[in-house]
Amino acid sequence: MSRYVIDKNLLIENINTIKSIAQVPLIAVVKGNGYGFGIKELSKVLLENGIDTFAVTEVDDIEELRSVVNDSDILVMRSTGIENEAKIIAENNCIATIGSLNSANVMNKVSLELGVKTRCYLKIDTGMGRYGFMPSQVEEAIKCYDFENLEFIGAYTHFSSAFTNTQLTKVQLELFKDTMKQIENAGKNTGILHCANSPALLNVDDVCLDRVRIGSAFTGRVITKSKTRLNRIGSLEADVIEVKTVPTGYSIGYNGKYKTKRETKIAIVPIGHYDGFGLIKDNEIADLHSVLSQLKKYLNRKQMYVKINDRMYSVIGEIGLSHTAVDITDSDVKVGDIATVDISPLMVNPRIPRIYK
């Protein structure tokens, strides 16, 4: 059975390293199944190491996360006009994101019906183009502070290009600061302010403000301009389940496109596309472009490898849904040896167990 293995000690080292760099409290972003590390498993370790504020983007994650973090703050980083979503946010004492007058109206309405006052963050769109008031809509944003059942505790924005564009990131920061100043001049308390995500913290100076939102940096898999002290964590593992020897010219895998050039000793490893193997990301930006890029490389027969007993072995034949053939000729690899693949946790099937060691 395959499993995704995380070294807990290295994760704790990463948490402490990030704290030392940020010098402000962290908001742990555990969206995407905890960036592939398992939302419950990762959140438990973060909580044990002094982090008490968490963030997700999907309302469906709230119940699972709340079962681990109990009374800790949960920020829901989506501005929603859907009443049912707003109700779940308010019922679970989460912090809502308000990025439009419509979302403010909906959240106020359900909060009034539930008899609660929902804590909120105002979201400013400084160039990401998703949720939030644009700086030119500051007058509309100011109106949100007057809703009786909403309590604004802060505001934030999201940098679009902190991976690669320092200048643009600083422009976005100044846009955000200017917008906050206009809101303060209108007599409103802007509260806790945060802009920086993992790549911003590690690539751009002086962007932390009152909090920093960290997700990918916990895994050590984040694009930076220079080497960091973070550990790159996580590997897909499975036991070798079969070893066999085939003759020269023998077809391996679907379609028989690979034929052995010599007598070949093969290890069968029970990992494949279902596990996420075959779409390994060279970078750690989780977007469609990078996924398609990796798929193209795979289709073009980019050589892939599996590590067994601290040695790299070539994958031969097409990777299957749940099996991979590995050329282990002239080795002592045997059934039961552990095979590992360095693969982004974001690409690993959420159903695969996350094992913390």
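Cluster partners of Y254, using a side-chain heavy-atom cutoff of under 4.5 Å among ILVMFWY residues and allowing indirect links: none. Y250 belongs to a hydrophobic cluster whose remaining members, ordered by chain and number, are I241, V246, I252, Y258, I266, I268, I316; membership requires side-chain heavy atoms of ILVMFWY residues under 4.5 Å apart, directly or through intermediates.
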When the side chains of residues 44-51 are checked against the rest of the protein, which donor-acceptor pairs come out under 3.5 Å, sequence neighbours left out?
residue: N49; atom: ND2; partner: V45; partner atom: O; Å: 2.8

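Here side chain to side chain donor-acceptor pair (under 3.5 Å) pairs that include residues 9-18, with residues two or more places apart or in two chains, are E13-N231, N14-N231. Annotation: side chain to side chain donor-acceptor pair (under 3.5 Å) contacts involving residues 26-42, sequence neighbours excluded, are absent. Listed by first and then second residue, the side chain to side chain donor-acceptor pair (under 3.5 Å) pairs involving residues 57-70 are E58-R78 (not counting sequence neighbours).
Residues satisfying the salt bridge (Lys or Arg N to Asp or Glu O under 4.0 Å) test with R213, not counting sequence neighbours, are none. Contacts of D332 classified as salt bridge (Lys or Arg N to Asp or Glu O under 4.0 Å), with partners at least two apart in sequence or in another chain: none. K227 is linked by a side chain to side chain contact (heavy atoms under 4.5 Å, CB included) to nothing, counting only residues two or more places apart in sequence or in another chain. With sequence neighbours excluded, no residue forms a salt bridge (Lys or Arg N to Asp or Glu O under 4.0 Å) with D178. Every residue two or more places apart in sequence or in another chain was checked for a salt bridge (Lys or Arg N to Asp or Glu O under 4.0 Å) with E184, and none qualifies. For T157, the side chain to side chain donor-acceptor pair (under 3.5 Å) partners two or more places apart in sequence, or in a different chain, are T126.
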